[in-house]
Amino acid sequence: MSERALVVIPTYNEAPNLGHLVPQVLAQDPRIDILVVDDNSPDCTGQLAEALAQKEARLHVMHREGKLGLGTAYIAGFRWALERDYAYVFEMDADFSHDPAHLKEFLKTIQDADLVLGSRYLGGRVTVVNWPMLRLVLSYCANIYARWLTGLRIWDLTGGFKCFRRRVLEAIDLSRVRSNGYAFQIEMSVRAWRKGFTLKEIPIVFVDRTEGRSKMNRAIVREAVWMVPRLRLMAWFGRI
Ligand SMILES: Nc1nc2c(ncn2[C@@H]2O[C@H](COP(=O)(O)OP(=O)(O)OP(=O)(O)O)[C@@H](O)[C@H]2O)c(=O)[nH]1
Ligand SMILES: [Mg+2]
């Protein structure tokens, strides 16, 4: 594999994490670049990213005017990648829940797949560290619900550590992707699956953030609850 990979990292108030994360990600493979998509974080994550990018040519930064949500941040990052010659595009959180050490395994697995998903529940085995029980139960049940309704036989559909082959992002009509929170993860995987691409799951150990604050809220959960049956209906009517 000689092609380049872009790791898209959306940030909102991740200043305590970003400075540590960037060198660890870049150290995994010389073909990896990073795009930070910052939504004008009040804690100045955007300025920190700029300062880091002055010293590191493989780090790029996109600034948006305010908190517009995770899904649209990724869509903007995907478009940026497609305008350049990246063969692989990653989604990754800035909060160290996603261990950069897993990136190598993703790059190996994507050689025989179109979309690789980092899975916290592969084979029913839970590999989540330090989450409160309620959060874990909610996430696990959300995945059973999504698997049952969409018919996509994947253990972890809501995870946000994943690697797309370029042609998947080219095939999906990004302007029609509707969801912005956890549902965004489900929607992207369902759309890839419906286009006939090959999905593979690899086990990851997911560790709860120790720095910064969670952006999870009720609206994100609500969106996922109604978006899943909507995806089912769209699939039935051949809209995706
Ligand atoms: N640009 C941008 N990034 C966001 C937004 N919301 C969340 N993020 C980033 O997306 C990643 C995942 O968000 P988290 O807050 O970790 O959400 P989570 O993983 O569901 O929640 P916790 O891990 O419990 O904190 C992190 O890197 C966040 O900084 C947003 O509206 N815009
Ligand atoms: Mg997180």
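No experiment lies behind these values; they were computed from the predicted model shown. Just follow the structure's listing: the first ligand is 1, and inside any ligand the first atom is 1.
- Among protein heavy atoms, atom 23 (O) of ligand 1 sits closest to D95 OD2, 3.2 Å.
- Counting protein heavy atoms only, atom 6 (N) of ligand 1 is closest to K67 NZ, 3.5 Å.
- A cation-pi arrangement is found for R120 relative to F206, the charged atom lying closer than 6.0 Å to the ring centre and inside a 45° cone about the ring normal.
- Below 4.0 Å from some heavy atom of D39 lie the following atoms of ligand 1, by number and element: 1 (N), 2 (C), 30 (C), 31 (O), 32 (N).
- Here the protein heavy atom with the shortest distance to atom 7 (C) of ligand 1 is K215 CD, 3.6 Å.
- Both the backbone and the side chain of L70 come within contact range of ligand 1, each with a heavy atom under 4.0 Å.
- Counting non-hydrogen atoms of neighbouring residues, nucleotides and ligands closer than 6.0 angstrom, the CZ atom of R239 reaches no more than 12 such neighbours.
- Considering both main-chain and side-chain atoms, R64 never comes within under 3.5 Å of ligand 1 through any nitrogen or oxygen pair.
- The minimum heavy-atom distance between I202 and L122, with the atom names listed, is C-CD2, 4.3 Å.
- Assignment of R135 to the shell around ligand 1 is supported, since a heavy atom sits closer than 4.0 Å.
- G118 and D156 get closest at one heavy-atom pair: O-OD2, 3.8 Å.
- Near D93, meaning under 4.0 Å from one of its heavy atoms, ligand 1 places the atoms 11 (C), 12 (C), 19 (O), 27 (O).
- Pairing each heavy atom of E170 with each of L82, the nearest pair is CG-CD2, 3.8 Å.
- Using a 4.0 Å cut-off between heavy atoms, E14 contacts ligand 1 through its side chain alone, with no backbone atom that close.
- Among R213, M216, R209, the residue whose heavy atom lies closest to atom 25 (O) of ligand 1 is R209.
- A donor-acceptor pair shorter than 3.5 Å cannot be found between the side chains of Y12 and D38.
- Among all heavy-atom pairs drawn from Y121 and N143, the shortest one is CE1-ND2, 3.5 Å.
- With distances taken over non-hydrogen atoms, the option nearest atom 30 (C) of ligand 1 out of G69, S214, G77 is G69.
- A donor-acceptor contact under 3.5 angstrom links the side chains of E187 and S179, judged on distance only.
- Between the side chains of S41 and K67, no donor-acceptor pair of N or O atoms lies under 3.5 Å.
- With no hydrogens or angles considered, no side-chain donor-acceptor pair links Q28 and H102 at under 3.5 Å.
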Which atom pairs, donor and acceptor, lie under 3.5 Å between side-chain atoms of residues 223-237 and protein residues at least two apart or in another chain?
unit_1	atom_1	unit_2	atom_2	d
E223	OE1	N180	N	3.3
E223	OE1	G181	N	2.8
E223	OE2	N180	N	2.8

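- For the Mg ion (ligand 2), the set of protein N/O/S atoms nearer than 2.8 Å consists of D95 OD2, ordered by chain and number.
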